[in-house]
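Heads up, the thing below is written out as C-alpha cells.
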Amino acid sequence: MIMNKKGFTLPELLGVIVVLSVIIGIAGMSVLTIMNKAVNKALEEMKDNLKDAALTCYLDTKDTDKCNTPEKLKDSNYFEDDKGYCLDKNITISFDSNNDDYTASVNGNCSK
C-alpha cells in the first residue's frame with residue numbers, strides 16, 4: 001500500500017500557531033498603546049475646550065460664579081460634554097484679569 005503524504009504535521013501546525021500568536025500579541029499591544037495615547041490627547045483637548053468655554057462665558061457675563069464649573073458651562077450652552085468626561089470630576093475653573101487680559105485656568109483633569 002502506497003501512502004500519499006500531503007499536509008502538515010501536528011508540530012508544524014503548532015509552530016505556526018505559536019508564531020502567529022506572538023505576532024498578534026505584539027500588534028495588539030501596539031494598538032492599545034496608540035489608542036491610549038489618542039484618548040489622553042482627546043481628554044487634554046477637552047480640557048482646553050473647557051478653558052476656552054469658561055473664558056468666553058466670563059467675557060460674555062462678567063460673572064465668575066456662572067462660569068466656574070463644567071456643569072454650569074454645560075447648562076448655559078458654553079460647553080458640550082455628552083459622555084461626561086469633564087462633568088462631576090471636581091474640576092474648578094479660576095479666572096485672572098490683568099489689565100483687560102483675561103485668562104482662565106482649569107484645576108483638575110477630565111477622565112474616562
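These numbers come from a predicted model, not from an experiment. The first residue in the sequence is number 1, and the count goes up from there.
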Minimal heavy-atom distance between Leu87 and Lys74, with the atoms involved, is CD1-CD, 3.7 Å

Cys86 and Ile91: which non-hydrogen atoms are nearest, and at how many Å? O-CD1, 3.4 Å

With rounding to the nearest 0.5 angstrom, report the CG to CG distance, Asn68 to Leu73. 8.0 Å

Rounded to the nearest 0.5 Å, what separates atom OH in Tyr58 from atom OG1 in Thr103? 10.0 Å

Does atom CD (Glu71) have a neighbourhood of more than 12 heavy atoms from anything else shown, all under 6.0 Å? yes

Check Asn49, Thr61, Leu50 against Tyr78 for a side chain to side chain contact (heavy atoms under 4.5 Å, CB included) and give me the one that passes. Thr61

How long is the span from the CE atom in Met46 to the OG atom in Ser111, to the nearest 0.5 Å? 11.0 Å

Any link between Phe95 and Tyr102 through a network of hydrophobic side chains (Ile, Leu, Val, Met, Phe, Trp, Tyr) touching at under 4.5 Å? yes

Give the minimum heavy-atom separation between Cys110 and Leu43, together with the two atoms involved. O-CD1, 3.8 Å

Any idea which heavy atoms bring Asn107 and Ser94 closest together, and the distance? ND2-OG, 3.7 Å

Identify the two heavy atoms, one from Lys66 and one from Lys72, that lie closest to each other, and give their separation to 0.1 Å. O-CB, 3.5 Å

Gap between atom SG of Cys67 and atom CG of Leu55 - 0.5 Å precision: 9.5 Å

To the closest 0.5 Å, what do you measure between CD1 (Ile24) and CG (Leu20)? 6.0 Å

Answer whether the closest heavy-atom distance between the side chains of Tyr85 and Lys47 falls below 4.5 Å. no

Reported OG1-to-CZ distance for the pair Thr69 and Phe79, which is rounded to 0.5 angstrom: 11.0 Å

Check this for me: Lys62, atom NZ, are more than 12 non-hydrogen atoms of other residues, nucleotides or ligands nearer than 6.0 Å? yes

Would you say Asp96 and Ser105 make side-chain contact, with heavy atoms under 4.5 Å? no

